[in-house]
Amino acid sequence: MNRPILVAVAWPYASGSLHLGHLAGAYLPADIFARYHRLIGNRVLMVSGSDGHGTPITVRADQEGVSPHEIVDRYHPEIVGYWDALGISFDLFTTTLTDNHRDVTWDIFRAHRERGTIVEEESLQFYDPQAQRFLPDRYVEGTCPHCGYDQARGDQCDNCGRTLDPTDLINPRSRLSGASPIQRATKHWFLRLAAFSDEVKAWLEEQEGWRKHVKNWALGMIDEGLPDRAITRDLNWGVPIPPEADTLGEGKRIYVWFEAVIGYLSAAKEWAQIQGTPEAWRDWWQNPEAESYYFVGKDNIPFHAVIWPAMLLGYGDHNLPTNVPANQYVTFKGAKASKSKGVGRSIGWYAERFEPDALRYAIASVLPEQNDTELTDDEIIRRINEELVATWGNLVNRVLTITTRNFDGRVPTPAALTDDDQAVLDAVDRGLTEIARLIEQVELRAGLRMAMDTATAVNVYLNAHEPWKLVTSDPDRGATVLWVAIAAIAGLGVAFSPYLPFTAPTLRSMLGGIDENGWVRPKVAAGASLGQVAPLFQKIMNDIPTDDG
RNA sequence: GGCGGCGUAGCUCAGUCGGUGAGAGCGCUCGACUCAUAAUCGAGAGGUCGGCAGUUCGAGUCUGCCCGCCGCUACCA
């Protein structure tokens, strides 16, 4: 197999620290998927980057009295540090602040403008006459028409939770100056999404293997009708409008939702340039055999399952997503908990306290692929101690300890295999096949479960044949059983490797230096010297503060 | 309010096209084993599948209504 696989991962805002929800929602599943495909020999390109534009960044910059660029310069390296610490193996993790990204954005903008699907429209917007600025909805405050709350925002009432339009507010006022905002005409560029409704709908309907909530959501959105959507804003921070189209007046930029998704393409081009093969990106974007998978949270479904495909259709000659395996959310104490209870804890907090593979295991075993999933620190520790260490780590340790002690640190030489011996090896081979199928369907949690179940089968085999007794009562048989167990562990090591990339090479060297050789049970050579045996994972004792600590 | 998803054992979750007595992991109880990080293996207890009504020979699975949670609702992305 040698398929081109694009692994496109959501672009985090460079405006704050990421938490475990981000990791579980997008980055870890993307990495597991990418590592699997690399291992089976596919050409993987995994890209993302920090989103340098957008409201959260300008809000934070305003709060701190620094430039938005300073915010990005602070958080982008922190985010990159997470990926290094946890082995999230991007081929490129860039930002949206590059000239390359601007150029690609302009290219798509121009293509749509030429075909008439980006058009100029005039709209009325609130304007603060005192501050002399157009006001985003959330900068207009007033009294909620539904509940009477007097500090409702123009986009939503925080008291009753209803969605609002700024014109709904009673006695609207500007949050900047307190002045009464006036409605004033302003021109913006709009994307005419409706022009692509039929095409996107037909495409969505023929997609198979998509998650139910993703497909239904996207189709429902189309059935409700896709309105024209403004892609520029009255801002001074963002990708500029192409010069020939920058005719709407001062202080307008392309808004982040339009350009951020373009990052997948611009990052591929940037990667190709860095490689010194500037045309190489085409293999993932224009090769009809290429596949593309977009790992995002459920809040991002409309942008990846409807809007981005529409943008690509208008651009032409680029592949639409193969799948958008959007995850639900990880919740912490009902998602409403405070930082002190664990919600706001950064990935870095966990990365400093847990071995990376242990943390990856705990998160991968609760990936919210179907439902929101509740996760606590105690649950993470439980998964590591009761599952990872007890079943898999201990299996490796018990087998290699007996072997080292009785066979002079070498892989024993087996006699003829019995049916039981062959059966356990067959179970490992079947496990590899099944796990591969699950990973390709992006059912990563089930894949990991299957790997653990297979490890249990090997533990069962050991308990049934008791090699620790055979080594004295029937040494040939003992050698055979241990050889089988080592061969099984080698196969399991392959199955676990996309999930546990840090301990995968450690295990291979313990097993006598076997090579990585695709998604098959490796051959283990009798007589090979085993490496230094040590537990793959440490059990976590009570020295890590948990939710309540 | 509208749209979508979800609500299954103490906890975290599986249940494909409706069909033999509803599943897994962990926890719990009992037992086996003792090579191994007090790890492993086996057995058992534990569920009116959110509620009500309906379709059907038969529904966790389909339909309607209700309750609860999450997301979206186009100026957060």
Side-chain angles (χ1 to χ4, degrees), chain A residues 10-13 51 53-56 59 123 125-126 134-140 146 154-156 162-163 165-166 188 193 211-221 223-230 233-235 255-258 260-261 296-304 307 326 328-329 331 334-335 365-376 378-379 382-383 385-387 389-391 393-403 405-406 443 445-446 449 452-453 456 458-464 466-471 478 482 533-541:
Chain A
W11 291 58
Y13 278 130
D51 185 340
H53 301 123
T55 310
V59 166
S123 60
Q125 233 175 70
F126 277 102
F134 281 101
L135 297 171
D137 286 358
R138 57 167 53 192
Y139 278 72
V140 181
H146 302 286
D155 56 343
Q156 186 178 35
R162 286 171 187 273
T163 305
D165 188 275
H188 280 289
L193 284 170
R211 293 184 183 161
K212 188 162 60 175
H213 65 272
V214 176
K215 192 164 176 175
N216 286 352
W217 205 102
L219 286 170
M221 184 176 164
D223 285 341
E224 284 175 41
L226 300 173
D228 295 353
R229 221 181 135 127
R233 293 284 189 282
D234 294 289
L235 292 171
Y255 200 51
V256 66
W257 73 258
F258 182 80
V261 286
V296 301
K298 64 175 165 182
D299 55 333
N300 249 319
I301 293 169
F303 289 90
H304 292 79
I307 295 177
Q328 308 267 352
Y329 283 172
T331 60
S365 63
V366 295
L367 292 177
E369 291 173 340
Q370 315 291 342
N371 301 324
D372 286 358
T373 298
E374 172 73 12
L375 183 64
T376 62
D378 287 344
E379 172 77 359
R382 203 223 89 210
R383 292 271 181 188
N385 287 350
E386 307 300 332
E387 297 181 9
V389 173
T391 302
N394 183 58
L395 169 62
V396 172
N397 193 234
R398 69 193 294 208
V399 169
L400 296 186
T401 301
I402 309 169
T403 306
R405 192 176 297 152
N406 292 285
E443 294 182 31
R445 183 174 171 157
R449 183 73 254 152
M452 287 301 279
D453 289 348
T456 295
V458 180
N459 274 322
V460 170
Y461 168 81
L462 289 173
N463 282 30
E466 302 183 308
W468 51 91
K469 290 181 179 170
L470 292 172
V471 290
L482 286 170
V533 178
L536 285 176
F537 314 98
Q538 292 304 316
K539 189 161 181 169
I540 293 163
M541 309 313 274

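Chain letters run A, B, ... following the sequence lines, proteins first and then strands; every chain starts at 1.
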> Roughly, in whole Å, what's the span from CG in A:Leu219 to C1' in B:C72?
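About 15 Å, once rounded to whole Å.
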
> Please give the distance between the C1' atoms of B:G44 and B:C3 as a whole number of Å.
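Roughly 47 Å separates the two C1' atoms.
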
> Considering only the P atoms, how many Å lie between B:A59 and B:G18, rounded to the nearest integer?
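Nearest-Å result for B:A59 against B:G18 at atom P: 13 Å.
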
> Mind checking the P distance from B:G23 to B:A43? Whole angstroms is fine.
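Nearest-Å result for B:G23 against B:A43 at atom P: 14 Å.
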
> Rounded at 0.5 Å granularity, tell me how far OG1 in A:Thr401 sits from CH2 in A:Trp468.
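Going from OG1 on A:Thr401 over to CH2 on A:Trp468, the span is 12.5 Å.
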
> Rounded to the nearest angstrom, tell me the gap between atom CD1 in A:Ile301 and atom C1' in B:C76.
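Answer to the nearest Å: 16 Å.
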
> Tell me the interatomic distance from A:His188, atom NE2, to B:A74, atom C1', rounded to whole angstroms.
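In whole Å, B:A74 C1' lies 15 Å from A:His188 NE2.
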
> Could you work out which one of B:C3, B:C75, B:C76 sits closest to the side chain of A:Glu224?
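Among the listed nucleotides, the one closest to the side chain of A:Glu224 is B:C3.
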
> Using a cut-off of 4.0 Å on non-hydrogen atoms, how would the nucleic acid contact of A:Tyr329 be classed: base, sugar-phosphate, or nothing?
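Sugar-phosphate, backbone atoms only, no base.
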
> Reading nucleotides 35-45 of chain B 5' to 3', which nucleotides get B (base under 4.0 Å from a protein heavy atom), which S (sugar-phosphate only), which -?
BBB-SBBS---

> Nearest-Å distance, CG (A:Asp378) to P (B:C26)?
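Taking CG of A:Asp378 and P of B:C26, I get 18 Å after rounding.
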
> Which letters describe nucleotides 4-14 of chain B, given B = protein heavy atom under 4.0 Å from base, S = only from sugar-phosphate, - = neither?
SSS-----BSS

> Using atom P in both nucleotides, what's the gap between B:G1 and B:U40 to the nearest angstrom?
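Their P atoms lie roughly 49 Å apart.
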
> Sticking with atom C1', work out how far B:A9 lies from B:C28, rounded to a whole angstrom.
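Going atom to atom, C1' in each nucleotide, I get 12 Å.
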
> Want to settle it: does A:Pro56 or A:Asp453 sit nearer the 5' end of RNA chain B, counting the closest nucleotide to each?
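Whichever sits nearer the 5' end wins; that is A:Asp453.
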
> Across the strands shown, which category fits A:Pro227 at heavy-atom distances under 4.0 angstrom: base, sugar-phosphate, nothing?
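Touches a base.
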
> Taking the P atom in each of B:U16 and B:G60, what is the distance between them to the nearest angstrom?
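Those two atoms are separated by 13 Å.
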
> Classify A:Gly478 by what it touches in the nucleic acid, base, sugar-phosphate, or nothing, heavy-atom distance under 4.0 Å.
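Since no nucleic acid heavy atom lies under 4.0 Å of A:Gly478, the category is nothing.
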
> Write out the stems for RNA chain B, ordered by first number and formatted as range with range, counting runs of at least 3 consecutive Watson-Crick or G-U wobble pairs under 3.5 Å.
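For RNA chain B the paired stretches long enough to count as stems (3 pairs minimum) are B:1-7 with B:67-73, B:10-13 with B:23-26, B:28-32 with B:40-44, B:50-54 with B:62-66.
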
> Could you measure between the two C1' atoms, the one in B:G51 and the one in B:U12, and give it in whole Å?
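Their C1' atoms lie roughly 24 Å apart.
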
> Taking B:U29 as the reference, what is the distance to B:G21 when you measure between their P atoms (whole Å, please)?
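Looking at atom P only, B:G21 and B:U29 are 32 Å apart.
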
